[in-house]
Amino acid sequence: GSSAAKEQRIRLGAEELLEGRLGFAPYTQGDRRLGWLLTFSPSSWEDEDTGKIYSCVDLYFVSQDGSTFKVKYKFPPYFYAATKEKTELEVEAYLRRRYEGEIADIEIIEKEDLDLKNHLSGLKRKYLKIQFDTVQQLMRVRSDLMHVVEKNEEERDAVDAFESIYGVKRVERPQDYINCIIDLREYDVPYHVRFAIDNDVRSGQWYNVGVSGSDVLLQRREDLLQRAEVHVCAFDIETTKLPLKFPDAEYDSVMMISYMIDGQGYLIINRECVGEDIEDLEYTPKPEFEGHFRVKNVADEVGLLKAWFSHMQEVKPGIYVTYNGDFFDWPFLEKRAAHHGIKMNEEIGFQCDSNQGECRAKFSCHLDCFAWVKRDSYLPQGSQGLKAVTKAKLGYDPLEVNPEDMVRFAMEQPQTMASYSVSDAVATYYLYMTYVHPFIFSLATIIPMSPDEVLRKGSGTLCEMLLMVQAFQANIICPNKHQADLEKFYNNRLVESETYIGGHVECLETGVFRSDLPTKFQLEPSAFEQLIENLDRDLQYAIAVEGKLDIDSVTNYDEVKDAIKQKLVSLRDHPTREECPLIYHLDVAAMYPNIILTNRLQPPSIVTDVDCTACDFNRPGKNCLRTLEWVWRGETYTAKKSDYHHIKRQIESEMIQTGGVTSSKPFLDLSKPEHLLKLKDRLKKYCQKAYKRVVDKPITEVREAGICMRENSFYVDTVRSFRDRRYEYKGLNKTWKGKLSEAKASGNSIKIQEAQDMVVLYDSLQLAHKCILNSFYGYVMRKGARWYSMEMAGVVTYTGAKIIQNARLLVDKIGRPLELDTDGIWCVLPGSFPENFTFKTKAEKKLTISYPCVMLNVDVARTNTNDQYQTLKDPVSKLYTTNSECSIEFEVDGPYK
DNA sequence: AGATTCGCCTAC
DNA sequence: TCAGGTAGGCGAATCT
């Protein structure tokens with residue numbers, strides 16, 4: 001009944017009205033409907049009987065006939081709290097009293113806690129699941145309890161210190177249950193993400209939607225794979241601007257707005273800026289990218305804005321598409337509309353958030369193609385403008401006009417400007433339809449976020465979302481976000497920064513290398529002798545492991561072997577030679593993910609003696625602990641620990657200037673991170689004065705990390721399923737390449753184009769998945785990662801560095817390595833080096849092998865196979881099986897010219 | 001004047 | 001509530 005509630009009620013009403021006007025009327029009764037989930041956003045609803053407000057998620061659906069509707073899905077927000085052992089019930093009762101009217105319900109539940117000692121034995125941890133009616137209530141209780149937990153932690157530290165100094169246990173004070181809350185978990189998961197994870201609901205999927213009373217029933221239709229036909233509007237504006245300046249919505253105005261809806265083009269002209277009326281026009285840069293534009297000439301800017309808004313209200317697009325619209329087009333339109341007294345938000349529901357640099361609506365998507373280009377296109381920064389992207393991805397040269405000429409051309413050559421204006425809309429529309437749409441809605445079916453977020457979030461956030469889904473499904477409690485330890489010492493000095501040694505890079509030779517320029521080689525006969533000796537072993541590996549064939553089924557084994565042997569013998573006997581080279585790039589496919597998978601690497605698997613000692617599986621001769629090396633690198637301040645503490649004591653008694661010259665407050669009143677910031681500033685000055693430099697030379701140190709081979713495999717499972725998803729796209733890319741050459745042979749131009757499109761599409765999908773796949777490695781070092789591990793990142797790169805350096809040792813003896821970078825070697829081999837050979841089998845199968853590749857892979861398999869890989873077969877009896885695992889394999893590109 | 005740091009961008 | 005990582009080249013700015 002408060003004024004805030006009243007305000008919210010009014011807001012809800014206005015929202016409902018607008019959404020109804022724009023096609024998303026609420027579906028509250030009647031027959032079950034079939035809908036494709038376009039997007040979802042947090043919202044609230046009012047219980048009509050009690051007048052109470054509850055949080056809910058609004059789901060926006062598109063039907064098969066293109067019509068739209070929304071439902072309100074009730075879902076209570078919650079988070080978890082951990083208590084001291086065996087105080088759960090008391091704390092629960094206490095919290096219910098303390099937050100009466102704020103907490104809706106508390107349940108005590110059990111979760112797998114991978115931080116819990118000996119959890120592999122089946123031990124689980126109890127958590128209080130604290131539920132609320134609204135997100136606001138959750139936030140209030142959460143911030144209150146955060147302070148409680150922080151205070152409890154400080155007190156525990158003080159108790160520990162007391163006990164360690166006096167060697168006696170301090171007598172516990174009478175139980176105060178507020179002191180028993182020791183941790184909060186999953187309190188920072190956004191509400192709509194929580195909803196999507198817990199209810200397994202994703203954008204981009206079909207559901208049978210039913211309502212019964214006030215409840216919504218969703219049933220996923222996995223049989224429907226085709227995406228719904230949602231109205232897509234791609235638009236682009238041209239504005240006036242001052243010479244050599246960027247347009248400014250304070251005084252510049254919109255000259256034209258061009259847009260394409262579902263393939264039909266429109267152009268609205270502001271005759272204040274454009275010299276003459278423009279007729280309908282066509283801009284079709286390529287047969288498959290048709291652009292027919294209907295033109296509307298209006299008197300002035302306000303007319304233009306009104307015309308566009310009303311057209312949008314009529315068509316009701318579910319998806320708006322721009323190129324850099326977050327930053328330019330939307331804010332410009334919003335400001336110009338406001339200038340004329342029109343609120344864009346009230347017209348079409350879109351609002352710009354300048355803090356976030358985004359423009360979004362609750363019920364429609366705004367998908368800015370520039371965001372896709374930056375994160376997923378794999379184009380270098382210099383080629384991320386719309387023009388360059390059009391060339392690279394759509395394969396045609398777009399119209400270009402110098403921005404300095406635009407305002408003048410609008411008056412003097414209006415036709416030129418009109419064509420130019422629509423050309424950007426065409427490029428944006430087709431870029432979206434060909435790449436962005438399939439990509440975003442494919443990811444949205446696995447990532448528990450709205451399409452807008454799937455498009456804009458960093459790749460690390462996407463990884464974390466996938467991990468949280470997997471953790472939820474395995475009943476694992478998520479760790480809190482990692483915080484860097486800001487007060488670490490090394491060698492009696494404060495650590496300024498620490499990291500790990502990454503990829504290995506070497507430039508070995510520079511110059512011009514061509515397959516038709518004879519090159520000198522100084523080979524090592526002993527290496528060839530070795531290859532000859534190992535030939536049987538290597539070929540059998542290729543047949544059995546790479547080809548997954550039975551050796552006895554091969555009919556021409558000796559023939560192939562002799563051919564290779566002959567070449568190796570001749571190279572061994574004439575090691576000094578000059579001949580045309582074979583230029584090869586040897587590289588490990590998806591190296592980091594495969595190192596992770598082979599070694600079962602995941603942040604919770606990094607264990608110490610303490611973890612193992614507490615574990616039931618810790619027996620003499622155990623093979624569940626795998627030890628791998630990595631290299632730490634850190635820089636310390638030059639000052640000693642004693643200097644640091646001295647300065648700390650000094651600063652603690654001082655007044656610190658905060659902001660202006662006049663305002664200052666005691667140092668101890670500042671927050672903890674502020675303390676360390678100020679302290680480090682002071683320390684830097686001290687170092688500079690006393691030691692003439694702030695930081696010492698970087699220190700490196702080889703360290704060992706223990707990897708538990710039995711830890712719950714949810715992380716590697718997530719990586720594996722993502723890797724395999726990418727392989728699927730790579731496979732489809734190959735399939736369509738086959739179809740493309742078939743189509744070319746048949747000369748059917750429609751089929752050629754279709755196949756061509758599918759080839760680019762799948763290549764783009766697999767590349768984008770590569771980027772997110774690699775992020776599972778980078779993620780573990782991300783600031784604030786829930787599953788953080790420097791050790792794991794270090795093990796991944798160090799293992800990779802050893803693989804590439806080993807390969808180089810071999811290449812050194814049989815040819816000339818030119819360059820190494822992380823996972824690949826560019827090299828030249830003598831032209832007479834054995835290359836590709838084909839085994840034939842009784843079943844008429846063929847297996848083509850690349851000998852240089854096989855030779856390297858045998859080496860990799862010998863040094864990197866993990867014979868300790870364990871898989872949980874029976875969760876009840878805790879039975880594990882042990883396998884050998886190695887998915888790290890070289891691939892060969894080339895030979896190149 | 002020479003060394004070091006910083007910003008920017010790329011390769012992996 | 002913002003955030004994949006390290007290696008490394010190059011030119012400009014800044015420090016000594």
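What you see is a predicted model; the values in this text were computed from it and never measured. Each chain gets a letter, A, B and so on, in the order its sequence line appears, and its residues count up from 1.
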Under 4.0 Å between any heavy atoms, over every strand shown, what does A/N774 touch: base, sugar-phosphate, or nothing? Just pick one.
base
Counting only side-chain nitrogens and oxygens, does A/R375 get under 4.0 Å of the OP1 or OP2 atom of C/dA3?
no
Does A/F370 have any ring pair (Phe, Tyr, Trp, His ring centres under 6.0 Å) partners at least two apart in sequence or in another chain, and if so, which?
A/Y323
Determine the contact category for A/Y500: base if any of its heavy atoms lies under 4.0 Å from a base atom, sugar-phosphate if only primed atoms, P, OP1 or OP2 are that close, otherwise nothing.
sugar-phosphate
One should read off an interatomic distance between A/Y779 OH and A/S459 OG, to the nearest 0.5 angstrom, of 11.5 Å
Detail all sub-3.5 Å separations between protein N/O atoms and N/O atoms belonging to nucleotides 12-15 of chain C.
none

Protein within reach of the bases, or only the backbone? For nucleotides 6-12 of chain B, mark each nucleotide 5' to 3' as B, S or -, using heavy atoms under 4.0 Å.
---SS-S
Could you give all pairs that pass the salt bridge (charged side-chain N to carboxylate O under 4.0 Å, His left out) test and reach residues 477-487 of chain A, with sequence neighbours left out?
A/E487-A/K648
Just the rounded figure in Å: distance from P of C/dG5 to CD1 of A/I772.
15 Å
Any residue meeting side-chain contact (heavy atoms from CB on, under 4.5 Å) with A/V694, in chain and number order, not counting sequence neighbours
A/Y637, A/K684, A/Q688
Between A/F439 and A/H769, what is the ring plane arrangement, given parallel below 30°, perpendicular above 60°, and tilted in between?
perpendicular
Acceptor/donor pairs from residues 582-592 of chain A side chains to any protein atom, 3.5 angstrom cut, sequence neighbours excluded:
| unit_1 | atom_1 | unit_2 | atom_2 | d |
| --- | --- | --- | --- | --- |
| A/Y584 | OH | A/E835 | OE2 | 2.5 |
| A/H585 | ND1 | A/D893 | OD2 | 3.1 |

If we ignore angles and hydrogens, is there a donor and acceptor under 3.5 Å between the side chains of A/Y191 and A/T134?
no
